[in-house]
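Here is the structure we will look at, set down as structure tokens.
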Amino acid sequence: MAEYDPQAIEKKWQQEWDRTGVFRAETDPTRPKYYLLEMLPYPSGTLHMGHMRNYTIGDAVARYHRMRGYNVLHPMGWDAFGLPAENAAIQNGTHPRAWTNANIVEFRRVLRRFGFSYDWQREISTCEPEYYRWNQWFFLRMLEKGIAFRKKSRVNWCPQCQTVLANEQVIEGYCWRHETTLVEQKELEQWFLRITKYSDELLEDMDQLTDGWPERVLVMQQNWIGKSKGARVRFDVDGIAGLGLEVFTTRIDTIYGVSAVLLAATHPSLDRLLDGVPGRAAMDERLRAMRQSSVKAADIATAEKVGFFTGRFAINPFSGERVPIWVANFVLIEYGTGAVMCVPAHDQRDFEFAEKYSLPLKIVIQPLQGNLLRLDRMSEAYTEHGRLEESGPYTGLTSDEALERMAADAKSKNFGSSEITYRLKDWGISRQRYWGTPIPVLYCEKDGIVPVPDDQLPVRLPEDVALTGQGQSPLAGVPEFVHAKCPKCGGPARRETDTMDTFVDSSWYFYRYTDPHDDCAPFDKKIAAYWFPIDQYVGGITHAILHLLYSRFFCKVMRDLGLVNNDEPIARLFTQGMVQKGGVAMSKSRGNVVGAIDMADKYGCDTGRMYTLFAAPPEKDLEWNEQGIEGSSRFLNRVYRLIEKHAGPLKSIAVDWNASVDLASATPKEKNLIRKAHQTLKRVTNDFEIRWHFNTSVALIMELVNELSAQEPLEQDVSPIVLKRVLAMLVLMLAPMTPHIAEELWEILGNSTTLSRESWPLYREDLTREEQIEIIVQINGRVRGKFLVDDSASEDETRKRALNDPRIAALIAGKEILKVIVVQKKLVNIVLK
RNA sequence: GCGGAAGUGGCGGAAUUGGCAGACGCGCCAGCCUUAGGAGCUGGUGGCCGUAAGGCCGUAGGGGUUCGAGUCCCUUCUUCCGCACCA
């Protein structure tokens with residue numbers, strides 16, 4: 001008898017799938033489509049079982065939908081630009097392209113080894129000019145629309161390397177290559193994409209995603225966009241005519257409690273403000289220190305609040321009060337106006353600041369209910385809404401009333417207005433890096449910023465570049481790249497030497513899959529319209545914000561360019577859990593990886609696939625357990641032996657799913673098997689359609705196999721037709737999860753056509769039903785007995801059976817029955833006094 | 001601090017609609033088979049009491065709703081994740 005040989009079987013079927021091209025997707029509007037996508041990988045390091053889990057989930061769903069008759073698009077590609085390739089080049093002297101392509105070869109080999117049902121003809125790699133020219137094309141369209149623009153922005157700067165550092169290259173505030181060199185901040189002119197233009201739409205369109213996206217991802221994006229309603233109010237500076245300080249506040253109702261105006265250390269008005277103030281030199285010194293220390297976000301939250309008085313005063317436009325102007329380290333220049341009003345009684349940060357510097361407190365909001373606030377009893381700020389006091393004409397109003405009326409009054413008196421602010425900032429895409437998409441603009445002395453004309457795309461990345469990790473952008477050191485002709489005047493021009501953030505590449509790649517070889521456009525509108533939106537996207541939670549938000553933004557820009565019809569690119573998103581070992585995520589740097597190839601070599605990829613699906617529900621983190629794999633391996637061996645053993649006489653029997661099943665003449669064994677098979681199929685189908693809990697699908701299929709074993713010998717009292725049907729159902733249910741062994745078993749059962757073109761079988765409700773149902777009898781909620789009734793038993797019959805059951809009768813004899821609850825087909829609960 | 005998710009045997013987990021808690025698997029125990037077993041097969045396996053029949057307890061803690069709660073409500077605790085001085 002042949003043994004299960006996963007290595008031979010897996011190779012055999014992968015070759016067969018390649019030969020017949022079963023997974024190729026054809027754009028065919030007459031067929032219902034299903035676009036299933038896993039996030040494209042960054043080809044670096046080794047693929048381990050954490051990656052494989054992601055692809056296994058996606059592949060099972062793709063294969064299931066193919067079996068359901070959908071035209072499935074399931075592509076794969078490479079997020080091939082990025083910093084690690086450049087770092088490897090600096091450290092090992094390899095070219096980023098050589099390093100990246102070697103990784104791609106390895107990744108492709110591993111993914112093929114696992115038999116994922118990709119349409120490899122659609123493979124893309126973002127570092128190829130055929131791909132990145134469209135990044136440039138999109139950039140130019142955005143430039144035309146005013147969505148791409150240029151402004152000054154801060155970057156991390158290592159004075160030792162004399163180069164810009166990515167955030168990943170800043171380690172605890174120090175340079176990654178110089179452990180003792182503190183990273184500084186430097187201002188550079190950079191390119192930005194105006195994602196903030198879509199702030200509201202990005203927020204509102206989340207309504208379209210509530211059914212298909214995990215709530216926590218939506219919440220994270222919502223917080224990231226951070227919309228808040230408030231008001232801008234101008235405080236005039238005493239003694240400097242025309243210099244008004246605009247503050248942003250969400251609590252204009254507390255404005256009669258202002259003790260000071262606080263400015264960020266980089267506030268643009270500081271220069272004028274401090275002009276002629278005594279002690280200016282010392283203040284400049286403090287400002288310099290404050291500006292430098294604001295490098296690290298994590299420290300900022302816990303840093304002590306510090307500040308100093310500028311010597312100037314501002315006038316509260318509501319009360320006319322004169323309040324001091326301070327500089328404070330906790331005021332953010334990036335948010336609001338970079339200036340806030342300090343209301344110590346009603347803001348916790350202001351409370352702490354005022355306590356430290358002895359600024360006065362004034363209560364102007366009292367709780368609507370409960371004890372009134374008293375200054376001598378306050379140990380923290382009262383930040384709730386309430387009723388105004390000591391607030392001039394607004395005294396007595398509620399906060400809600402005052403918020404509206406005071407903003408309106410500020411507007412009519414011309415010193416303020418209501419305003420909505422967002423936390424979301426425009427997307428800085430300039431990188432002073434080599435291994436990325438060149439930004440397609442030129443700088444001409446005469447014409448200024450000149451876009452590269454479309455017919456000159458792509459602006460190719462030169463291959464021969466010295467990567468030292470030092471100096472300015474690597475491309476700036478390539479004269480033949482830098483020096484160019486101005487397309488407008490023909491005079492000398494300098495090329496932009498920055499490259500694009502690689503998040504640009506991954507913001508639209510899924511459109512390219514629909515039409516990957518188009519050299520006239522990023523993709524064909526009609527083809528994309530057929531495949532979009534993505535029906536199911538599968539990936540890690542790590543991309544919950546940036547990648548997914550940028551992708552949504554790109555979709556809206558493309559819609560406004562008339563390229564796509566959807567507001568949202570992704571209908572459903574699934575975020576799978578991580579694979580852990582020793583309680584932490586697998587990663588090469590931690591040295592706790594289980595290599596995908598090692599797994600496949602030792603057990604076969606089907607075993608690896610089954611284990612990752614079985615060991616935990618897909619959204620949960622999964623702790624890798626070598627003994628658990630043995631279990632999955634054992635199970636596949638059992639199934640193989642079971643079918644091998646019985647297949648002989650079944651080979652020539654054709655399975656006709658439409659043929660009626662005559663239960664009346666079936667033997668008890670047959671009834672058991674048919675019922676179990678249809679019950680299993682019903683629940684597994686539900687797992688694929690709705691629940692996405694493949695761990696229970698595997699468990700159910702294991703139960704079916706256990707039932708088959710329990711009914712041995714299957715040659716007795718089971719007709720070959722029934723047995724063949726049940727075994728065929730078993731194999732078809734395994735097909736999405738462990739496709740290679742399923743194909744092999746399908747063949748062993750006598751089929752000559754590939755399983756990958758078979759349909760998912762349909763369960764029959766009438767065949768899932770039990771003839772007899774076990775009823776639980778409870779007394780006061782405790783189980784006291786059980787009995788069997790016919791499926792058709794009435795409520796009355798069930799009640800009588802329960803009360804007449806000898807054991808129950810004895811237990812309730814002489815007691816008063818208050819109530820009898822009958823839940824048909826489930827239980828009877830007798831309530832005694 | 002704000003937001004989110006979770007807490008069930010020795011372990012991973014199941015319980016889909018409020019109805020037998022622990023499916024399925026791992027591990028462990030016993031037996032069979034075998035020259036051998038890190039192969040295969042059969043059976044057992046939440047805790048306590050009991051020879052047994054059976055009983056009691058049990059889903060992080062406390063309270064509530066209900067004939068009935070892992071599931072619903074209130075509350076406390078713990079863990080993990082995200083954001084973090086956002087005015």
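Under a cutoff of 6.0 Å and an axis angle of 45°, A:R423 and A:W224 form a cation-pi pair. A cation-pi arrangement is present between A:K305 and A:F330 under the rule of less than 6.0 angstrom and at most 45 degrees off the ring axis.
In this structure, A:R232 reaches neither bases nor backbone, as no heavy-atom distance under 4.0 Å exists between it and the strands shown. Nucleic acid contact for A:K620: sugar-phosphate only, since backbone atoms but no base atoms lie under 4.0 Å from a heavy atom of the residue. The residue A:V823 sits close to a base: some heavy atom pair falls under 4.0 Å. Looking at heavy-atom distances under 4.0 Å, A:D350 makes no contact with the nucleic acid at all. In this structure, A:Q348 reaches neither bases nor backbone, as no heavy-atom distance under 4.0 Å exists between it and the strands shown. Residue contacts shown for A:G336 are absent, as no nucleic acid heavy atom lies under 4.0 Å away. A:N829 comes within 4.0 angstrom of a nucleotide base, judged by non-hydrogen atoms across all strands. At a threshold of 4.0 angstrom between heavy atoms, the contacts of A:V698 with the nucleic acid are absent.
Within a 6.0 Å radius of NZ in A:K356, more than 12 heavy atoms belonging to other residues, nucleotides or ligands are found.
Checking B:rU78 for Watson-Crick or G-U wobble geometry (two distances, each under 3.5 Å) identifies B:rA6 as its partner. Pair assignment for B:rU59 gives none, since no Watson-Crick or G-U wobble pairing has each distance under 3.5 Å. In a base pair of the Watson-Crick type (N1 to N3 plus N6-O4 or O6-N4) or a G-U wobble (N1-O2 and O6-N3), with each distance short of 3.5 Å, B:rA69 is matched with no nucleotide. With a 3.5 Å ceiling on both atom-pair distances, the Watson-Crick or G-U wobble partner of B:rU42 is B:rA30. Under the Watson-Crick and G-U wobble criteria, each requiring two contacts below 3.5 Å, nucleotide B:rC83 is paired to B:rG1. The partner of B:rC11, taking Watson-Crick or G-U wobble pairs whose two distances both stay under 3.5 Å, is B:rG25. When Watson-Crick and G-U wobble pairs are counted only if both distances are under 3.5 Å, B:rU16 pairs with no nucleotide at all. Of all nucleotides present, none satisfies the Watson-Crick or G-U wobble test against B:rA53 with each distance under 3.5 Å.
Proximity note for A:F614 (side chain, C-beta onward) versus B:rG4, B:rG13, B:rG12: the nearest is B:rG12. The nucleotide whose nearest atom lies closest to any side-chain atom of A:Y335 is, among B:rG4, B:rG19, B:rA87, B:rA87. Out of B:rA87, B:rU16, B:rG82, the shortest distance to the side chain of A:I545 is found at B:rG82. With B:rC56, B:rC85, B:rC41 as the choices, the nucleotide that has an atom nearest any side-chain atom of A:R349 turns out to be B:rC85. Among B:rA87, B:rG27, B:rG19, the nucleotide with an atom closest to any side-chain atom of A:L827 is B:rG19. Comparing B:rG3, B:rG68, B:rG27 by their nearest atom to the side chain of A:Q627 picks out B:rG27. Comparing B:rA14, B:rC20, B:rC86 by their nearest atom to the side chain of A:R423 picks out B:rC86. Closest to the side chain of A:N706, from the set B:rG19, B:rG25, B:rC67, is B:rG25. Across B:rC86, B:rC67, B:rA5, the shortest atom-to-atom separation from the side chain of A:V831 is found for B:rC67. Nearest nucleotide to the side chain of A:P617, out of B:rA87, B:rA14, B:rC67: B:rA14.
Across the P atoms, B:rG25 and B:rU45 are found 14 Å apart, a figure rounded to whole Å. Spacing between B:rA5 and B:rA53 at atom P, rounded to whole Å, works out to 45 Å. Between B:rC32 and B:rC24, the two P atoms lie 25 Å apart (nearest whole Å). Nucleotides B:rC83 and B:rC28 are separated by 45 Å at their C1' atoms, to the nearest Å. Using C1' as the reference atom, B:rU8 and B:rG82 are 27 Å apart when rounded to the nearest Å. B:rU71 and B:rA15 are spaced 15 Å apart, taking the P atom of each and rounding to whole Å. Between the P atoms of B:rG44 and B:rC80, the separation comes to 40 Å (whole Å). Spacing of P atoms, B:rC41 relative to B:rG46, comes out at 22 Å, to the nearest Å.
Contact between A:F351 and A:M378 at its shortest, heavy atoms only, is CZ-O, 3.9 Å.
One can find a donor-acceptor pair under 3.5 Å joining the base of B:rC20 and the side-chain atoms of A:E774. Between the side chain of A:K305 and the base of B:rC85, a donor-acceptor pair under 3.5 Å is found. With hydrogens and angles left out, the side chain of A:K826 and the base of B:rC20 share no donor-acceptor pair within 3.5 Å.
No hydrogens or angles considered: a donor-acceptor pair under 3.5 Å links the side chains of A:Y335 and A:S228. Side-chain contact check for A:R286 and A:N329: no donor-acceptor pair (N or O, by modelled atom type) lies under 3.5 Å. Side-chain atoms of A:H678 and A:E765 form no donor-acceptor pair, as typed in the model, at a separation below 3.5 Å.
Between A:F688 and A:Y64, the angle of the ring planes stays under 30°, which puts this pair in the parallel group of the 30/60° scheme.
Proximity of the aromatic rings of A:Y611 and A:W624 is defined here by a centroid distance below 6.0 angstrom, and this criterion is met.
For B:rC24, neither phosphate oxygen OP1 nor OP2 lies less than 4.0 angstrom from any side-chain nitrogen or oxygen of A:R638. Of the side-chain N and O atoms in A:T696, none sit less than 4.0 angstrom from OP1 or OP2 of B:rU16. Of the side-chain N and O atoms in A:R634, none sit less than 4.0 angstrom from OP1 or OP2 of B:rG38. Residue A:R641 places at least one side-chain N or O under 4.0 Å from the OP1 or OP2 atom of B:rC41. Contact between the side-chain N/O atoms of A:N637 and the OP1/OP2 oxygens of B:rG40 is not found at any separation under 4.0 Å.
In this structure, the CG atom of A:L832 is 13 Å from the P atom of B:rG68, given to the nearest Å. When the P atom of B:rA23 is taken as reference, atom CG of A:N695 falls 15 Å away, rounded to whole Å. Rounded to a whole Å, the CZ atom of A:R53 is 14 Å from the P atom of B:rG12. At whole-Å resolution of the value, NZ in A:K425 and C1' in B:rC83 are 13 Å apart. Atom CG of A:N625 and atom C1' of B:rG13 are 12 Å apart (whole Å). Atom-to-atom, NE2 of A:H693 to C1' of B:rA15 comes out at 12 Å; the value is rounded to the nearest Å. Between A:R782 atom CZ and B:rC57 atom P there is a gap of 5 Å when expressed in whole angstrom units. With rounding to whole Å, A:R799 atom CZ is found 20 Å from B:rG19 atom P.
Heavy-atom distances to RNA chain B give each of A:N780 and A:S228 a nearest nucleotide, and the one nearer the 5′ end belongs to A:N780.
The pair A:R799-A:E795 meets the salt-bridge criterion, since a charged nitrogen lies less than 4.0 angstrom from a carboxylate oxygen.
Taking 90° from 0 as the syn/anti boundary, the base of B:rG55 is oriented anti.
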